[in-house]
Amino acid sequence: MKKRSIVGLGLLSSLFLASCSGIQSLPQGLLPGNNPATVGSFAAGQPKQVVEVRWQNRNQIINMGTAGVDLFGLQPAQKTAKARVTQAEIQAMQAQGIQVSQSREPSMDVRGGLPGGYMTYAQMTEKLKAFAAQYPNLVTLEDVGDTWLKTQGKAPQNDIWSISVTNKQNRTAKPTLMLTAGVHARELAPVEITMRLIEELLSQYGKDPQITELVNTRELVVLPMVNVDGRIQVEQGNSWQRKNLNGSGVDINRNFDAYWNYEGMNVPSSWKNGLLSPGSETYSGPRAASEPETQAVQNMYTRKKITASVDIHAYGDMFFWPIGSSEKPIPEVNIYKNLYNATFGKIGYEGGTSLTLLYPTTGTTDDYGYVKHRAFSMGMEVGSSFRPAYSDVERMWVQHRPLWLNMLNMINTFPARR
Ligand SMILES: [Zn+2]
């Protein structure tokens, strides 16, 4: 009987108990009650391996997602994902009926540096400064916050940058699209894609009529690398780094001040297991918006009137709208669906709330923008690896370019929510 050997490891007991409930429908099938042993008990220092997981029912993926299993490359239609897990986690998943098979993530087996073609944080900073110098009438570059390390008096160069692109001479109110990337350090392509979009708008302004019109009448705000401390870890060879550098790391994308830890929501307590465990990749931090990286993004919503926003992650082909922990459509759902159908739905991305596609999320950028600032805020997963070859990023950019331009075009039609 495996039960004795796995109780005590919080994640495992929650997975195991969930499997024992025997009820398949939501939400009754989820783990009731809260076992204190399930909190903060991730075994540190256990060796981890990459596996493929295959689930059959919603309880299984919801339990993996909320337990804080390090899932990535999720494919909701195929009901598969990859995971980086300990042997004990594998046993727990198998005990719940989840199929687990050996897998690999070859691009992560690196000793140092970024794959060829990618820019480092320092190179990105130089490029942003060069844009500001070359296009003073179109660009506003701002240092919008310090990273956690910098707030601790370490890494004095680690600033979070925001770049705005618009025709500054046209001072009429414009709809504004904000993009954030690099919230999760190991996800490399989103940073490059946002930098490509900026470069495209600037270099084609006055040449391409569509781009000229968009830059004259819209504003694009981009924070191309939010988790700078984490990203520098990746650049130094820690290719799996996801969270920020505060303690064992806080997941910035669970730290936002909107339903943080499901505050004010009636959800099964098991949904909080990963959020409450400092060792998990979805640890939500000591309090809402505790992290300076989170505060930097939140402040952008406070300072600027953001019409719509997209927080870009990797990897998978998915397009999310609020509310991450709900299946109930929000009143504006058709506006989101229209945008999705006219953009990333065209290239086969799955669209929906996080819970309808996979498992519940909360304290995310997407929920925060919508709930607290009435922005049309969204999330995305792009690409097919954390570290695609740069030639894949080039291909992705060619595919994305018309979709991003179309999104920028369409935000003009969004009704005011404020
Ligand atoms: Zn991510």
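Numbers here are sequence positions counted from 1.
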With side chain to side chain donor-acceptor pair (under 3.5 Å) as the criterion, how do Asn253 and Thr365 come out once you've worked through the C-alpha distance, each side chain's angles and the decisive distance to 0.1 Å? CA-CA 6 Å; Asn253 202 31; Thr365 326; 2.9 Å; yes

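- Using a 4.5 Å cut-off on side-chain heavy atoms (C-beta onward), Met300 and Met178 make contact.
- Nearest heavy-atom pair, Thr66 versus Pro360, reported as atom, atom and distance to 0.1 Å: CG2-CG, 3.5 Å.
- Between Phe386 and His184, the gap from one ring centroid to the other reaches at least 6.0 Å.
- Between Lys304 and Glu219 there is a salt bridge, since at least one side-chain N of the basic residue sits less than 4.0 Å from a carboxylate O of the acidic one.
- Atom OG of residue Ser325 and atom CG of residue Asn266 lie 11.0 Å apart, to the nearest 0.5 angstrom.
- The aromatic ring centres of Trp397 and Tyr390 sit 6.0 Å or more apart.
- The distance between the ring centers of Phe319 and Tyr340 falls below 6.0 angstrom.
- Atom CG of Leu74 and atom CG of Asp317 lie 11.5 Å apart (nearest 0.5 Å).
- Using a 4.5 Å cut-off on side-chain heavy atoms (C-beta onward), Phe414 and Glu332 make no contact.
- Thr180 approaches Asp311 most closely through the heavy-atom pair OG1-OD1, 2.7 Å.
- The shortest side-chain heavy-atom distance between Ile335 and Trp321 does not fall under the 4.5 Å cut-off.
- Between Arg231 and Glu235 there is a salt bridge, since at least one side-chain N of the basic residue sits less than 4.0 Å from a carboxylate O of the acidic one.
- Scored by the side chain to side chain donor-acceptor pair (under 3.5 Å) test, Ser162 finds no partners at all (sequence neighbours excluded).
- A ring-centre distance under 6.0 Å is not found for Tyr359 and Trp55.
- Looking at Asp143, its side chain does come within 3.5 Å of a backbone N or O of Gly145 through a donor-acceptor pair.
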Evaluate side chain to side chain donor-acceptor pair (under 3.5 Å) for Asn255 paired with Glu291, printing each intermediate quantity in order. CA-CA 7 Å; Asn255 185 240; Glu291 305 310 296; 4.7 Å; no

Arg196/Glu394 under salt bridge (Lys or Arg N to Asp or Glu O under 4.0 Å): CA gap, chis, key distance, verdict: CA-CA 9 Å; Arg196 280 299 182 95; Glu394 304 270 11; 2.8 Å; yes

Between Phe256 and Val297, does the side chain to side chain contact (heavy atoms under 4.5 Å, CB included) criterion hold? Intermediate values first, please. CA-CA 9 Å; Phe256 279 80; Val297 177; 3.8 Å; yes

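- In Gln102, the CD atom is not crowded: 12 or fewer heavy atoms of neighbouring residues, nucleotides or ligands sit closer than 6.0 Å.
- With hydrogens and angles ignored, the 3.5 Å screen pairs a side-chain donor or acceptor of Ser284 with a backbone N or O of Leu275.
- Under the 4.5 Å side-chain criterion, counting only non-hydrogen atoms from C-beta, Tyr118 is in contact with Val393.
- Looking only at distances, a side-chain donor or acceptor of Gln295 sits under 3.5 Å from a matching main-chain atom of Ala289.
- The heavy-atom pair separating Ala81 from Leu71 by the smallest distance is CB-CD2, 4.4 Å.
- Asp392 has its side chain out of reach of Met396: every pair of non-hydrogen atoms, C-beta onward, lies at least 4.5 Å apart.
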Dump the intermediate steps for side chain to side chain donor-acceptor pair (under 3.5 Å) on Asn238 and Gln241, then the final yes or no. CA-CA 6 Å; Asn238 187 4; Gln241 182 73 34; 3.1 Å; yes

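- Between Asp367 and Gly324, the shortest heavy-atom contact is OD1-N, 3.0 Å.
- With Thr166 contributing its side chain and Arg218 its backbone, the two residues share a donor-acceptor pair below 3.5 Å.
- The line from CZ of Arg401 to CG of Leu197 is 9.5 Å long, rounded to the nearest 0.5 Å.
- Residues Ala288 and Asp257 come closest through the heavy atom pair CB-OD1, 3.6 Å.
- Separation of the Phe376 and Tyr370 ring centroids does not fall under the 6.0 Å cut-off.
- Of all the heavy atoms in Leu358 and Arg58, the pair that sits closest is O-NH2, 4.4 Å.
- Between Tyr368 and Tyr301, the ring-plane angle classifies as perpendicular under the 30° and 60° cut-offs.
- A distance-only check finds a donor-acceptor pair linking the side chain of Asn57 to the backbone of Gln60 [under 3.5 Å].
- Side-chain atoms of Thr194 come within 3.5 Å of backbone N or O of Val191 as a donor-acceptor pair.
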Ignoring hydrogens and angles, write down the donor-acceptor pairs under 3.5 Å from the side chains of residues 221-230, residues two or more places apart or on other chains.
unit_1: Asn227; atom_1: OD1; unit_2: Gly230; atom_2: N; d: 3.0
unit_1: Asn227; atom_1: ND2; unit_2: Val183; atom_2: O; d: 3.2
unit_1: Asn227; atom_1: ND2; unit_2: Arg242; atom_2: O; d: 3.1
unit_1: Asn227; atom_1: ND2; unit_2: Lys243; atom_2: O; d: 3.0
unit_1: Asp229; atom_1: OD1; unit_2: Thr147; atom_2: OG1; d: 2.7
unit_1: Asp229; atom_1: OD1; unit_2: Asn158; atom_2: ND2; d: 2.7
unit_1: Asp229; atom_1: OD2; unit_2: Thr147; atom_2: OG1; d: 3.2
unit_1: Asp229; atom_1: OD2; unit_2: Trp148; atom_2: N; d: 3.3
unit_1: Asp229; atom_1: OD2; unit_2: Leu149; atom_2: N; d: 2.8

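- If you take CG on Leu201 and CG on Asp208, they are separated by 9.5 Å, rounding to the nearest 0.5 Å.
- Among residues two or more places apart in sequence or in another chain, the side-chain contact (heavy atoms from CB on, under 4.5 Å) test is passed with Glu263 by Trp260.
- Between the Thr356 side chain and the Gly352 main chain, no donor and acceptor come within less than 3.5 Å of each other.
- The distance from atom CD of Glu200 to atom CD1 of Ile211, rounded to the nearest 0.5 Å, is 4.5 Å.
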For Ile98 and Gln94, run side chain to side chain contact (heavy atoms under 4.5 Å, CB included): C-alpha distance rounded to whole Å, both residues' side-chain angles, the deciding distance at 0.1 Å, then the answer. CA-CA 5 Å; Ile98 295 162; Gln94 287 173 331; over 6 Å; no

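- In this structure, Gln49 and Arg104 have side chains that are not in contact, with every pair of non-hydrogen atoms separated by 4.5 Å or more.
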Passes side chain to side chain contact (heavy atoms under 4.5 Å, CB included), His400 versus Val382? Steps please. CA-CA 10 Å; His400 279 201; Val382 306; 3.7 Å; yes

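- Contact of the Thr364 side chain with the Arg254 side chain is registered, since non-hydrogen atoms from C-beta on lie closer than 4.5 Å.
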Can you check side chain to side chain donor-acceptor pair (under 3.5 Å) on Glu381 and His313, steps first, answer last? CA-CA 5 Å; Glu381 299 279 349; His313 289 253; 4.8 Å; no

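- In this structure, the side chain of Glu192 does not engage the main chain of Ala189 through any donor-acceptor pair within 3.5 Å.
- Here the CE atom belonging to Met378 is positioned 8.0 Å from the OG1 atom belonging to Thr343, to the nearest 0.5 angstrom.
- Here Glu105 does not pair with Arg186 in a salt bridge; the nearest charged N to carboxylate O distance is not below 4.0 Å.
- Around atom NZ of Lys79, no more than 12 heavy atoms belonging to other residues, nucleotides or ligands sit under 6.0 Å away.
- With contacts defined as side-chain heavy-atom distances shorter than 4.5 Å, the pair Thr282/Thr361 does not qualify.
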